[in-house]
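Basis for what follows: all heavy atoms, side chains included, without hydrogens, waters or symmetry-related copies. In listed order, ligands and their atoms are each counted from 1.
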Amino acid sequence: MLDAGLNRPARNGAEILRDPRLNKISAFSEDEREQLGLLGLVPEGIDSEDQQIARVRMQLSRKTSALGKYIYLTSLLDNNETLFFRVLMSDPAAYMPIVYTPTVGEACQKFGHILRRPRGLYLSANRRGRIRDILRNWPEPDVRFIVVTDGERILGLGDLGANGMGIPIGKLALYTACAGVPPQVTLPIVLDVGTNNQELLDDPLYLGLRQPRLRGAEYDEMIEEFVMAVQDVFPRCCIQFEDFANINSIPILARYRDRVCCYNDDIQGTAAVAVAGIFGALRILDAKMAEQTFLFLGAGSAGTGIADLLVKTMMQEGVSEAEARQRCWFVDSKGLVVASRTELADFKKPYAHEHPPVPDFLQAIEELRPTAIIGVSTIAKAFNQDVIEAMARINERPIVFPYSNPTSRSECTAEEAYTWSDGRAIFAAGSPFAPVELNGQTLVPGQGNNVYIFPAVGMAVYATEAERVTDEMFIVAARAVAEQVSAETLATGLIYPPMADILKSSLQVAKRVADYIFDVELARIERPANVDELIEASVYQPRYRSLI
Ligand SMILES: NC(=O)C1=CN([C@@H]2O[C@H](COP(=O)(O)OP(=O)(O)OC[C@H]3O[C@@H](n4cnc5c(N)ncnc54)[C@H](OP(=O)(O)O)[C@@H]3O)[C@@H](O)[C@H]2O)C=CC1
Ligand SMILES: CC(=O)C(=O)O
Ligand SMILES: [Mg+2]
């Protein structure tokens, strides 16, 4: 006998209770209790799914810290996957700040301290040469999505080594909660290549390798071994690279994007959410993208990724590449990125325009008079009062996107941006901020976070079994996100679809991207008569199935 729909041998009651994919805690039916040997192992009372959700909410409300709520929800995922996703999907706007930014940042910082039960796969530098075999230890046979990090740039918190595992776990929970990708096809992975974070190396509870980060050829060989092992063991799998330092993220994407099904979320997903946000802002401004001047604070993976996609989008609208690049300017840790600088990384060079050196961001604003500032610097409070006031003096409606995560690294808060601009800023931040009351008006900040993109693109790639992930798919996704923002939503200042509707909007985006994947013949399945129905039929439902 097989477990219903899971293709696994049936278990006895005690085993079922220990399997998070089968466990219903207090919601087993009378027949299941009788037939599966569960009598006595669970209390007599039988809960409905709604009663179970009410209990979870009550228990969560008694946790006084965000980290306490994170630990509780993670334990629920380890105990009863269906209930976890039912709770998450019942109110994504409420629960996302717990399982994702900002709380996941704190959870990663303390990952070794809060560990209850390991989740995902740890591939360590010590196990090089054996990655294929270790992938085969994963119990699910058909993994379709891996989110992998080496932990070197976890949000804006820096090198967190193997503690970075919290990020793949959180991102993959959102694949399911925000776009319905079935959890059994997802696999979180950390490549434990050591850490240069001395605090972690000195922490007796740190669980990663206690050695400096692997670099150079040895590192590249390990990445190659990993990518090729995934092709062998999970041939239909897409790899999402997440939170690598830019010295590695950019070359890795360049090396593999045309060879295997993969993408980098910090580069491409972030870029798409930024382009979507700019489309929303342009509707408020009634202006064109090529009329804007974008000034970035931070010229790393996220910043140059956003600029590259803005350039591609402007080119689709008939602007030349040179003109489009000229609309994008960067300030990094050494000041304005200009042609005379000799130490620039290759990925910054396309944006190193002719201009005298400018040491700081505020002066760059005064000289370049940008219409938009985008913060991807990890520097909290860098958009200070002088910066916002300068933007509000130069522009009737300045675009202000402090995208750095988590909240503790945000370049400014929503309240600061609105207050210092007299409520005129068009604002979106990487982490969530509550609405702000100003001069009798309620202003609703958007969450400019790649969560609007990666679950939706993931669903499209999953349902179509796409061979490759291209930049054009991200432009399609960006346009689809922007199109779902109604005029009423826009009137509140919100330039993204409401987070409460993220599942609905992600499925719309997934349909558009899936259509595009079939159009460009990158699908590995035949085009169905109705692509929308294909997506709908692929969506995971967090419902208990009968186990008998
Ligand atoms: N909202 C979202 O969806 C996303 C947000 N992010 C956030 O963006 C941030 C950056 O990520 P990522 O681009 O991958 O990181 P990188 O490390 O690749 O880039 C950081 C950039 O910030 C610059 N920087 C550092 N300090 C300063 C300073 N004092 N003044 C000006 N610039 C400075 C660095 O300069 P230099 O090059 O000189 O070292 C570098 O160019 C993170 O906080 C991350 O959480 C990332 C992805 C998605
Ligand atoms: C959101 C995200 O991917 C980051 O901050 O890195
Ligand atoms: Mg990231």
If you measure every N/O of [X] against every N/O of ligand 1, is any gap under 3.5 Å?
X	answer
Leu297	no
Asp266	no
Val273	no
Lys334	no
Ala299	yes
Gly300	yes

message: Tell me the nearest of Gly298, Ala272, Ser404 to atom 7 (C) of ligand 1, using heavy-atom distances.
response: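 The residue whose heavy atom sits nearest atom 7 (C) of ligand 1 is Ser404.
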- prompt: Nearest non-hydrogen atom to atom 6 (O) of ligand 2 belongs to which of Ile154, Asn405, Asp266?
  reply: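 The nearest heavy atom belongs to Asp266.
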message: So for ligand 2, is Tyr100 a polar contact partner (N or O within less than 3.5 Å, distance only)?
response: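 N/O-N/O distance below 3.5 Å does not exist for this pair.
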task: Decide whether an N or O pair under 3.5 Å exists between Asp243 and ligand 2.
output: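 N/O-N/O distance below 3.5 Å exists for this pair.
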Ion pair check, [X] and [Y], cut-off under 4.0 Å:
X	Y	value
Asp332	Arg341	yes
Glu483	Arg479	no
Glu416	Lys381	yes
Lys334	Asp360	no
Glu152	Arg215	yes
Lys348	Glu343	no

message: Below 4.0 Å from ligand 1: does a non-hydrogen atom of Arg409 turn up there or not?
response: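 Per 4.0 Å heavy-atom rule, Arg409 does not contact ligand 1.
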message: Would Gln447 count as a contact residue for ligand 1, given that I'm defining contact as a non-hydrogen atom of the residue lying under 4.0 Å from a ligand atom?
response: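 Distance cut 4.0 Å: Gln447 fails for ligand 1.
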- request: Would you kindly specify which portion of Asn450 sits under 4.0 Å from ligand 1, judged on non-hydrogen atoms: side chain, backbone, both or neither?
  value: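 Answer for Asn450: both.
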task: Applying side chain to side chain donor-acceptor pair (under 3.5 Å) between Arg153 and each of Asp266, Asp159, Asn248, Thr378, report the one that passes.
output: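 Among the candidates, only Asp266 passes.
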For [atom], what is the closest protein heavy atom, and at what distance to 0.1 Å?
atom	answer
atom 12 (P) of ligand 1	Arg153 NE, 3.6 Å
atom 42 (C) of ligand 1	Thr378 CG2, 3.6 Å
atom 17 (O) of ligand 1	Asn246 ND2, 3.7 Å
atom 6 (N) of ligand 1	Tyr403 O, 4.0 Å
atom 25 (C) of ligand 1	Ser377 O, 3.6 Å
atom 35 (O) of ligand 1	Ser333 N, 3.3 Å
atom 48 (C) of ligand 1	Thr270 OG1, 2.9 Å
atom 8 (O) of ligand 1	Val376 CG1, 3.8 Å

query: Mind checking whether Phe145 and Tyr175 have parallel, tilted or perpendicular rings, split at 30° and 60°?
result: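 Correct class here is tilted.
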- request: On the 0 to 90° scale, with breaks at 30° and 60°, tag the Phe244-Phe241 ring pair as parallel, tilted or perpendicular.
  value: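 Perpendicular.
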task: Quick one: pull up CG in Asn246 and CG in Leu253 and give me the separation to the nearest 0.5 Å.
output: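 Rounded to the nearest 0.5 Å, the CG-CG separation comes out at 12.5 Å.
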task: Could you tell me which atoms of ligand 1, counted from 1 in the order shown, lie closer than 4.0 angstrom to a heavy atom of Gly156?
output: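 Going through ligand 1 atom by atom, the ones under 4.0 Å from Gly156 are 42 (C), 43 (O), 45 (O).
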task: Could you tell me whether the side chains of Ser249 and Ser301 share a donor-acceptor contact shorter than 3.5 Å?
output: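 Distance-only check passes for Ser249 and Ser301.
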query: What angle, in degrees and rounded to 10°, do you get at the Mg ion (ligand 3) when you join it to OD1 of Asp243 and to OE2 of Glu242?
result: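 Reported to 10°, the angle equals 100°.
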task: Verify the neighbour count for atom NZ of Lys504: are there more than 12 heavy atoms of other residues, nucleotides or ligands below 6.0 Å?
output: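 Open: at most 12 neighbouring heavy atoms sit under 6.0 Å from NZ of Lys504.
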